[in-house]
> 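This is the structure I want to talk about, given as C-alpha cells.
Counting starts at 1 for both ligands and their atoms, in listed order. Quick caveat, the model's predicted, so the values are computed rather than measured.
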Amino acid sequence: MAKYIFVTGGVTSSLGKGIISASLGKLLQARGFTVTIQKFDPYINIDPGTLNPYEHGECYVTDDGAETDLDLGHYERFLNITTSQANNITTGRIYHNVITKERRGDYLGKTVQVIPHITDEIKRNYLLLGQNGKYDIVITEIGGCVGDIESLPFIEALRQLKWQMGAHELVTIHLTLIPYLKSAGELKTKPTQHSVKQLLEAGVQPDILVCRSEKILSQDIRKKLALFCNVNLNSVIEALDAETIYDVPMLMKKEKLDERVLAKLKLSHKNEPDVTQWKKFLGKIKTPTDEVKIGLVGKYVELPDAYKSIVESFIHAGAENDCRVIVQYISSEDITRDNASEILSGLSGLLVAPGFGERGIKGKIEAIKYVRENKIPFLGICLGMQCAVIEFSRNVLGIKNASSTEINSNSKDPIIDLMEDQKNITMKGGTMRLGAYNCQIKKGTKAAAAYGKTRIKERHRHRYEFNNRYLKKLEKGGMIASGINPETDLVEIIELKNHPWFLGCQYHPELRSTVSNPHPLFIKFVKAALDHSKISL
Ligand code: GLN
C-alpha cells in the first residue's frame, strides 16, 4: 500500500497548494518514487465542468474524459503523468455517491449522517488511488482554507485517517502565509499560529509547515513558528515568492521538503533527486536567445487562469525553440474589421482560444480573416478551429450564411453543427464529447510534420463539430482536413494550403503539453511564429 501526504491551506486561498504539491511530487519522483496527486474540492458541483471560467479558471480534461480542477494540469505538467477522474473529487461527488447508496438501500435502517457516512466516503476516496499497487506515494491536496465550513468534513476525515493509520504512513503539510508588515518592517507569524490552532481544534496536528513569504524567514521566525505550532524546527519550510512556478521544485529542494517528508514516512532514500532535466528546462526559459509575440484571442482574457494550459504550453514550446513567447491577451469583443490590422499587425502568431456561446465570435472571425490574409501563423483550438472553418466558408468560398448552430440554431448553412449523438441530450453536466479520441493524420500535412506520426490520441471537450456535408466544397477551396477520427469520420484537424502555418484542431493540444514532453503542435506553431518574426524584420 502507498504512503500518503496531505496538503492543507491556511490564512488565505491562492497560496499555491497545487504548485507546492506538484513540486514535492516532482522531487519525490526525481528520487525514483512513483507518485500521483489528487485534489479534493469542497464545492457542491459534481465537477467544475458546469462552472464559468471566471469562477474557477480553466476546466482541465483528463484522458478518461473527466472535467477537473486546473491543478490537475499542474500535476500532469510537472510530473509528466496522466491523471483521471479518481484524481479530482468534490463534495458534490461525495454526497452524490452517499445518496445513491442510500437510495439503493445500502444503509437500510440507519440514519445517514455526515459522520460517519460522508467521512467514510471521503476516506474511501482518499485511499483509493493508493490501493492499486501503482504508486509508492499519493499526495492529496485539500482545496479551500482551513476553517471554511465547507471543508470541515474533509479535515475531519483526515483526522480520523491520521489516527487509524500509523504515524509513518501519513504526513500532513500545512501551507500558510507569513505576511510582511511594511509599517512594522516585520514578518508576522500570528495568522499562521491561528490557522494551525484552527487545525488543532479540528484534531489535526500538521507535521510540516510550508510558509509562503516575500522575505527570507530568519532563524528567529522559524523558531517561533516551530514553538507555537508544535513542529520540528527543520519542518518549518520557507517558500519564497518565485519568478516562475517552475522554480518552486528547486526552492523546495533547497529547503529539503522532500527529505523531511521521507524521514517522517520512514521511506529509505539513497538517491538525491535527479533534477538535471528540470534545471536544463529552467535555464532555457530564463535565458532564451529569441523572443516572439503571439496574440491570444479569447473572451476570458481578464482572467489568465482561464487559459492556464495554453499559456504553460507556450512556455514549454518556447523552451524547445530557445525563445520566450510573449503572450498578448486580446479580448475577442474588441476586434472589428476596421481595427483588426491595428491590433494584430505587430504579432508573429495568433491563437484563437476555445470557448462557448455567441459572445466574442464576430471578433474571433475577423481576427482569423486578418491572419489568413496576411499569412501570420495561426492555431485555432476547438471553438478557434470552428471559427476558422466559418471564416473560410464565408470569406473564401462565399457561403455568406455559413455559421455554427451554437451561434444561430436556424442557420441555412450549418458548417459547424451539433453532433448527432448530442441532439437528444438535455443534461448539461459531463455530457459533452469528453476525453481522449483517436485521430488519423494525413501524410504530407503540417500536422503530420509536427507529430512525426499518423496515429494520435488527443483530448476533447465540445458538443459541436465540423459538418461533413461541406467537406468536399471546403477541400476544393483549399482547406485540408488533415486529421480524421477513424471510428466516426469526424474532422479533427484542418489546415490551409496556401499559408505558411494555419492549423485548427477540434481537440485541446494544450492539455497534453508537459515540461518533459512539450506538445508538437505548440512547438511547430511557435517555430512558425519565430520564422515569421524574422521575415518581417
Ligand atoms: N462551444 C464549442 C462546442 O461546444 C467549442 C467548445 C470548446 O472550445 N471547448 O463545440
> What are the atom names and distances for all N or O pairs under 3.5 Å between ligand 1 and the protein?
| from | atom 1 | to | atom 2 | distance (Å) |
| --- | --- | --- | --- | --- |
| ligand 1 | 1 (N) | Gly355 | O | 2.9 |
| ligand 1 | 1 (N) | Glu406 | OE1 | 2.7 |
| ligand 1 | 1 (N) | Glu406 | OE2 | 2.9 |
| ligand 1 | 4 (O) | Arg463 | N | 3.0 |
| ligand 1 | 8 (O) | Gly355 | N | 2.9 |
| ligand 1 | 8 (O) | Gly355 | O | 3.3 |
| ligand 1 | 8 (O) | Leu383 | N | 3.0 |
| ligand 1 | 9 (N) | Arg461 | O | 2.9 |
| ligand 1 | 9 (N) | His508 | NE2 | 3.3 |
| ligand 1 | 10 (O) | Gln386 | NE2 | 3.1 |
| ligand 1 | 10 (O) | Arg463 | N | 3.2 |
| ligand 1 | 10 (O) | Tyr464 | N | 2.8 |

> Any donor-acceptor pair under 3.5 Å linking the side-chain atoms of Asn87 with those of Ser84?
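Checked: Ser84/Asn87 side chains pair up, N/O donor to acceptor below 3.5 Å.
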
> Does any non-hydrogen side-chain atom of Cys439 lie less than 4.5 Å from one of Arg455?
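In short, these two side chains do not touch, never coming nearer than 4.5 Å.
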
> Apply salt bridge (Lys or Arg N to Asp or Glu O under 4.0 Å) to Glu492 and Arg433, showing your working.
CA-CA 12 Å; Glu492 312 284 35; Arg433 182 178 182 225; 2.7 Å; yes

> Using 4.0 Å as the upper bound for N to carboxylate O, is an ion pair formed by Lys39 and Asp41?
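Looking at Asp41 and Lys39, the cut-off is met.
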
> Salt-bridge test for Lys308 and Glu58: reply yes if a basic N is under 4.0 Å from a carboxylate O, no otherwise.
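A salt bridge is absent here (no side-chain N lies under 4.0 Å from a carboxylate O).
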
> Decide, yes or no, whether a salt bridge links Arg463 with Glu406 under the criterion of side-chain N to carboxylate O below 4.0 Å.
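Judged by the 4.0 Å cut-off on N to carboxylate O distance, Arg463 and Glu406 do not form a salt bridge.
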
